[in-house]
Amino acid sequence: MKLIKRIVISIGILILIVFLFFGLKLGTKYYKSYQNSESLTNTILDSKISTEDYNNSYNLKNGAIISKKIINLSEIPPIWNSISENNSLTKNYKYLDNINFYVILYKSDSLLVNGIIAEPKKEGKFPVVIFNRGGNKEVGKMAKAKTLHSLIQSASKLADQDYLVIASCYRENDEFGGNDIKDVLNLTETIKTINKADSSRIGMFGWSRGGMMTYLSLKNSNLIKTAVIGNGPSDLGKLIIERPEMEKLVCAKLIPKYKENKSEELKKRSVAYWADELDKSASLLILCGTEDKQVNPNQADIIADKLTKINYDFKLEKIKTDHKFSNKKNELNTLLINWFKEKL
């Protein structure tokens, strides 16, 4: 009996330790998120969409800009702290001095959606790259901060190389590749109103979930001359088998009528099932991190096989790195810049 009692006590202690560990980890994550949210209060990213904004947009076309405000990066604490030291840009980010950043509010369907622009400070007309960030279900100031941060980390080097980069924060009712794709496509109209944008030369760059948005854009538009996709899913059905939490926390929560139409809705968002519907006049660079734990590298192989069979103009680059290309940022920037210089 004493032995059984000791075993039960030991198991109980072990379970308690596990709960404390994961509880602390989860609590730290939410506390950090809360801190970031609080630090954005009263910044340029904290502006709310008002009734007046909607009234002003009533007769405007999709893509029309309702407001455009310049962003001072040093006034956005969670962003500034990641790119500066002693209140100055670090050496790796010094090039950001050459770029103006803006937060915009634009019309998409009957909604108003936020977006971020990064453009060279110098005068001129520049080819456009629409950037589709990863992630899901961010709202308000956090959505704007996430989009700004993602753009800086993944696409701002393009702005330093004489491209105008624009990104949607996606609508707050995120459908993970449903009607929210219109928020991306309507940017092709937005850029027609931006003085420095050459709207005849549009490229696209999507990462992770943004890769899915890029495939959908190439299916629904013929205005995108070329695109780059980094670690984007091509078959969501296979992805949720490998990562069940993706179904529970993302697909089931965000995709409308998911339970009733699971297979159909997943296929709608999976390029593997409609690769032949991609714009044939466009070209595509697929970047794959071979050590990606979030999107299995075989997702790149699946779409590469499909594109090869239909003789699509594409290239697959496999690189030994993780989902974020953490140890290959310079190589990533070189690939991006060279691709767009050649194709756009």
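Residue numbers count from 1 along this sequence.
Using a 4.0 Å cut-off between charged nitrogen and carboxylate oxygen, E189 and K107 do not count as a salt-bridge pair. Using a 4.0 Å cut-off between charged side-chain N and carboxylate O, K343 and D313 make a salt bridge.
Panel note: side chain K329, backbone S154; no donor-acceptor pair is recorded below 3.5 Å. In this structure, W207 contributes its side chain and H323 its backbone to a donor-acceptor pair below 3.5 Å. Checking side-chain atoms of D109 against main-chain N and O of L111 turns up no donor-acceptor pair under 3.5 Å. The main-chain N or O of L266 is found under 3.5 Å from a side-chain atom of S270 such that the two form a donor-acceptor pair. At least one donor-acceptor pair closer than 3.5 Å links the side chain of N56 to the backbone N or O of E52. With K182 contributing its side chain and G178 its backbone, the two residues share no donor-acceptor pair below 3.5 Å.
Residue-environment remark: NZ (K309) stays at or below the threshold of 12 foreign heavy atoms within 6.0 Å. Around atom CD of E245, more than 12 heavy atoms belonging to other residues, nucleotides or ligands sit under 6.0 Å away. Atom NZ of K125 has more than 12 heavy atoms from other residues, nucleotides or ligands within 6.0 Å. Around CG of N311, the count of heavy atoms belonging to other residues, nucleotides or ligands within 6.0 Å does not exceed 12. The neighbour count for K248 NZ, taken as heavy atoms of other residues, nucleotides or ligands under 6.0 Å away, does not exceed 12. More than 12 heavy atoms of other residues, nucleotides or ligands lie within 6.0 Å of CG in N55, so this atom counts as buried by the packing criterion. The number of heavy-atom neighbours closer than 6.0 Å to CD of E260, taken from other residues, nucleotides and ligands shown, is above 12. Within 6.0 Å of NZ on K253 lie no more than 12 heavy atoms contributed by other residues, nucleotides or ligands.
The nearest pair of heavy atoms linking F340 to V129 is CZ-CG1, 4.0 Å. Between L335 and L285 the shortest heavy-atom distance is O-CD2, 4.3 Å. Minimum interatomic distance between T321 and S326 (heavy atoms only, all atoms of both residues): OG1-N, 3.6 Å. Considering every non-hydrogen atom in both S208 and G134, the closest pair reads CB-CA, 4.3 Å. Scanning both residues, V113 and S168, for their nearest heavy atoms gives CG1-OG, 3.7 Å. Listed here is the closest heavy atom pair of E175 and R269: O-NH2, 3.1 Å.
Put simply, the side chain of I152 reaches to within 4.5 Å of the side chain of L73, judged on heavy atoms. Using a 4.5 Å heavy-atom threshold, the side chains of L307 and L278 count as touching.
One finds the CG atom of N231 at 4.0 Å from the CG atom of D292 (value rounded to the nearest 0.5 Å). A distance of 10.0 Å separates OG of S281 from CD1 of I224, quoted to the nearest 0.5 Å. With rounding to the nearest 0.5 angstrom, the CG atom of N220 is 8.5 Å from the CD atom of E277. Annotation: the span from I166 atom CD1 to I117 atom CD1 amounts to 4.5 Å, rounded to 0.5 Å. How far OH of Y54 is from CG of L112: 4.5 Å, rounded to the nearest 0.5 Å. Distance check: W80 CH2 to S88 OG gives 6.5 Å after rounding to the nearest 0.5 Å.
Applying the side-chain hydrogen bond (donor to acceptor under 3.5 Å, both in side chains) rule to D183 yields the partners S108, R171; only residues at least two apart in sequence or on another chain are considered.
Between the side chains of K141 and T41, at least one donor N or O sits under 3.5 Å from an acceptor N or O. S156 and Y93 form no side-chain donor-acceptor contact under 3.5 Å, judged by distance and modelled atom types alone. The closest side-chain donor-acceptor pair between D46 and T43, if any, does not fall under 3.5 angstrom. For the residue pair N136/D174, the side-chain donor-acceptor check at 3.5 Å is not satisfied.
Neither W339 nor V128 shares a network with the other; the hydrophobic side chains, linked directly or stepwise wherever heavy atoms of I, L, V, M, F, W or Y lie under 4.5 Å apart, form separate groups for each. Linking ILVMFWY residues whenever their side-chain heavy atoms come closer than 4.5 Å, directly or via other members, leaves Y312 and L287 in distinct clusters. At a threshold of 4.5 Å between side-chain heavy atoms, the hydrophobic network of Ile, Leu, Val, Met, Phe, Trp and Tyr places I202 and L336 in two separate groups. Note on L344: it does not cluster hydrophobically with I191, by side-chain heavy-atom contacts below 4.5 Å among ILVMFWY residues. Linking Ile, Leu, Val, Met, Phe, Trp and Tyr residues whenever their side-chain heavy atoms come within less than 4.5 Å places V165 and I83 in a single cluster.
Between F131 and F205, the ring centre distance stays below 6.0 Å.
Residue E119 forms a side chain to side chain contact (heavy atoms under 4.5 Å, CB included) with just one option from I99, D162, I194, and that option is I194.
For residues 237-286, no pair satisfies ring-ring contact (aromatic ring centres under 6.0 Å, His included), with sequence neighbours left out.
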Task: Residue pair S50, D53: steps toward the side chain to side chain donor-acceptor pair (under 3.5 Å) verdict - done: CA-CA 5 Å; S50 67; D53 290 325; 3.1 Å; yes
Open item on the list: Between K268 and E265, is the salt bridge (Lys or Arg N to Asp or Glu O under 4.0 Å) condition met? List the steps.
Closed with: CA-CA 5 Å; K268 283 182 184 177; E265 293 299 330; 3.2 Å; yes
